[in-house]
S.K.: 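Structure in structure tokens, see below.
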Amino acid sequence: MYILFTVLPIVALVALFAFSMKQKSKGIPAKKVITSNLVAFALIVAALGAVTFTVSAANEAQPAEAAETSASQEAEAPAAQDNSKGLGLIAAAIVTGISGIGGGIAVAAGAPAAIAATTEDPKSFGKSLIFVALGESIALYGVVISILILNKV
């Protein structure tokens, strides 16, 4: 099962890269290639998530008789896996990643405008800096939320 979760994403990324190079060589615009790759990657992530939750639900739905073991078997048996820590780590990674991407987009849009406004009127530097800082704060909020998630797990 672990091979599925380690090898499949790597194979999918390599296949998506090869597919995008093939599309680009055919003359398809880059925006269309990127959009199709993002949709395909989102579908792969959703499929892996569905498989993960299905396996998790199947493990929890085992009969009660299988869960009851004697004291000697309990000492020898490995501890039951707790999926909450793994899901917490995934949630923290998603929060940090998406907020970082959002902050990058905000700074990419705000910083050139701030530089342009400052070159036209040097007195507007303080106001322009506030808008760039607001874009960066989005990423910081994501990091704070991920730290809260990691402390909860």
S.K.: Side chain to side chain donor-acceptor pair (under 3.5 Å) with T96: which residues, sequence neighbours excluded?
M.R.: S146
S.K.: Any chance you could pull the hydrophobic cluster mates of L134, using side-chain heavy atoms under 4.5 angstrom and chaining through other members?
M.R.: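 L134 clusters with I130, F131.
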S.K.: Check for a donor-acceptor pair, side chain of S128 on one end and backbone N or O of A117 on the other, with a separation under 3.5 Å.
M.R.: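 It does not hold such a pair.
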S.K.: Using the rule given for side-chain contact (heavy atoms from CB on, under 4.5 Å), can you reason through L148 versus I145, listing the C-alpha separation, both sets of side-chain angles and the distance that settles it, and then say yes or no?
M.R.: CA-CA 5 Å; L148 291 173; I145 296 298; 4.3 Å; yes
S.K.: When Ile, Leu, Val, Met, Phe, Trp and Tyr are grouped by side-chain heavy atoms lying under 4.5 Å apart, directly or through other members, which residues fall in the same group as I28?
M.R.: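 Hydrophobic cluster check, I28: joined to V33.
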S.K.: Which value, rounded to the nearest 0.5 Å, describes the distance between I101 atom CD1 and I138 atom CD1?
M.R.: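 One finds 12.5 Å between CD1 of I101 and CD1 of I138.
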S.K.: Going from CZ on F125 to OG1 on T119, what distance comes out if it is rounded to the nearest 0.5 angstrom?
M.R.: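 Interatomic distance, F125 CZ to T119 OG1, rounded to 0.5 Å: 12.5 Å.
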S.K.: Taking side-chain contact (heavy atoms from CB on, under 4.5 Å) as the criterion, tell me which of L150, V144, V143 meets it with I147.
M.R.: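 Between I147 and the candidates, side-chain contact (heavy atoms from CB on, under 4.5 Å) is satisfied uniquely by V143.
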S.K.: Using 0.5 Å steps for rounding, measure from the CD1 atom of I149 to the CD1 atom of I90.
M.R.: 11.5 Å
S.K.: Between A108 and P112, what is the shortest heavy-atom contact and its length?
M.R.: O-CD, 3.1 Å
